[in-house]
Amino acid sequence: ILESFAMKVVNEKFLKLGRNMLRLKSIEVLLPPLLSNNIRITMLSPMTVYTTIKKNKKIYTHYFNPLDKEFNEYIRLNMLKKYAAFRGNEDSMDMPFEISVKKVMSKDLHIVKFKDTIIKAWTGHYELKGEIKLIEFAYNTGLGVKNSEGFGMFEVKKT
């Protein structure tokens, strides 16, 4: 079924994606990478985590930088909460999972406007360590928040 769909899409002159008309030359299906409890990754789409602060009756959003000490903790908690919601239990909240920066530069900051909201998000190179189930889940769902908006997708670097 997928092969038939792919051939039809490739043989069409144009593909409409939102308001954009695209000419598709080929489609490639990649096998998922072999994952372990310690992998190096490169962000394909920027990841973001933030907290909201109420000050003087106004709400402010503070986006964390990967070099902030809170960044790892917010990514970790977000992953554990997503996994617990997916599994339907809170038992997984103690599973090990951490992210550490390997290489992030100023060019890795992406300021994106999405539905009239300014979002600060980061690409770059990182290392993930933890329970293999969580690393697989992160690969399939994305890191950080706003995954359904396209944030947090990564690829595993070959070592």
Side-chain angles (χ1 to χ4, degrees), residues 15 17-20 22 24-87 90-159:
L15 172 70
L17 187 61
R19 289 186 245 157
N20 303 305
L22 306 173
L24 193 61
K25 292 183 179 179
S26 67
I27 294 177
E28 181 180 4
V29 177
L30 301 174
L31 294 174
L34 291 175
L35 299 172
S36 69
N37 62 356
N38 185 347
I39 60 171
R40 295 218 174 182
I41 64 169
T42 299
M43 298 308 299
L44 296 174
S45 66
M47 73 176 137
T48 186
V49 284
Y50 62 89
T51 189
T52 52
I53 303 163
K54 190 173 183 179
K55 190 174 181 180
N56 298 331
K57 298 182 182 180
K58 285 190 171 185
I59 295 177
Y60 297 93
T61 303
H62 174 74
Y63 289 93
F64 291 102
N65 177 315
L67 301 176
D68 294 337
K69 64 181 180 177
E70 299 93 347
F71 184 83
N72 174 46
E73 186 62 10
Y74 274 80
I75 293 285
R76 186 182 78 78
L77 286 173
N78 175 265
M79 183 53 54
L80 292 173
K81 287 177 185 176
K82 281 192 287 194
Y83 189 74
F86 175 74
R87 298 283 301 171
E90 298 290 319
D91 295 342
S92 58
M93 292 302 290
D94 293 329
M95 293 170 70
F97 184 83
E98 66 180 77
I99 184 170
S100 58
V101 174
K102 289 300 162 194
K103 184 178 180 185
V104 173
M105 302 185 320
S106 59
K107 71 177 179 88
D108 292 319
L109 170 62
H110 301 270
I111 300 175
V112 179
K113 187 174 183 180
F114 183 80
K115 293 187 178 178
D116 295 326
T117 301
I118 301 296
I119 300 168
K120 293 181 182 177
W122 293 85
T123 52
H125 305 277
Y126 302 85
E127 182 175 35
L128 296 180
K129 291 182 184 178
E131 185 73 39
I132 185 72
K133 292 176 189 177
L134 286 175
I135 290 177
E136 289 172 348
F137 190 72
Y139 180 78
N140 289 308
T141 61
L143 288 169
V145 299
K146 302 199 177 291
N147 304 130
S148 61
E149 287 91 349
F151 290 84
M153 183 179 176
F154 63 87
E155 69 178 346
V156 178
K157 290 175 70 173
K158 296 185 179 31
T159 53

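Only heavy atoms go into these numbers, but all of them, side chains included; no hydrogens, no water, no symmetry mates. We're numbering straight along the sequence, starting at 1.
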Is there a side-chain contact between [X] and [Y], using heavy atoms and a 4.5 Å cut-off?
| X | Y | result |
| --- | --- | --- |
| K146 | Y50 | yes |
| K129 | N37 | no |
| K102 | R40 | yes |
| F64 | I75 | no |
| P46 | F151 | yes |
| I39 | I135 | yes |
| E70 | D68 | yes |
| M79 | L143 | yes |

First locate atom OH of Y83, then atom CD of E136, and finally report the distance between them rounded to the nearest 0.5 Å.
8.5 Å
Could you measure the distance from the OH atom of Y126 to the CD atom of E98? Nearest 0.5 Å is fine.
15.0 Å
Inspect the surroundings of [atom1] in [X] and state if more than 12 heavy atoms from other residues, nucleotides or ligands are less than 6.0 Å away.
| X | atom1 | answer |
| --- | --- | --- |
| L67 | CG | yes |
| I118 | CD1 | yes |
| M153 | CE | no |
| F86 | CZ | no |

Would V145 and M47 satisfy side-chain contact (heavy atoms from CB on, under 4.5 Å), going step by step from the backbone distance to the final call?
CA-CA 7 Å; V145 299; M47 73 176 137; over 6 Å; no
Stepwise ring pair (Phe, Tyr, Trp, His ring centres under 6.0 Å) test for Y60 and H62:
CA-CA 6 Å; Y60 297 93; H62 174 74; over 10 Å; no
Evaluate the criterion side-chain contact (heavy atoms from CB on, under 4.5 Å) for residue pair V104 and L109; output intermediate values, then yes/no.
CA-CA 9 Å; V104 173; L109 170 62; over 6 Å; no
Check ring-ring contact (aromatic ring centres under 6.0 Å, His included) between F154 and all other residues, then give those that pass, not counting sequence neighbours.
Y139
Whether the T141 and N147 side chains hold a donor-acceptor pair (N or O, under 3.5 Å, no angle test) is what I'd like checked.
no
Run the side-chain contact (heavy atoms from CB on, under 4.5 Å) check on W122 and H110 step by step: do they pass?
CA-CA 6 Å; W122 293 85; H110 301 270; 5.9 Å; no
Output, in order, the C-alpha distance, side-chain angles, deciding distance and verdict of side-chain contact (heavy atoms from CB on, under 4.5 Å) for E127 and N38.
CA-CA 7 Å; E127 182 175 35; N38 185 347; 2.7 Å; yes
Mind jotting down which residue pairs meet the side chain to side chain donor-acceptor pair (under 3.5 Å) criterion with at least one end in residues 71-81? Sequence neighbours excluded, please.
E73-R76, N78-K82
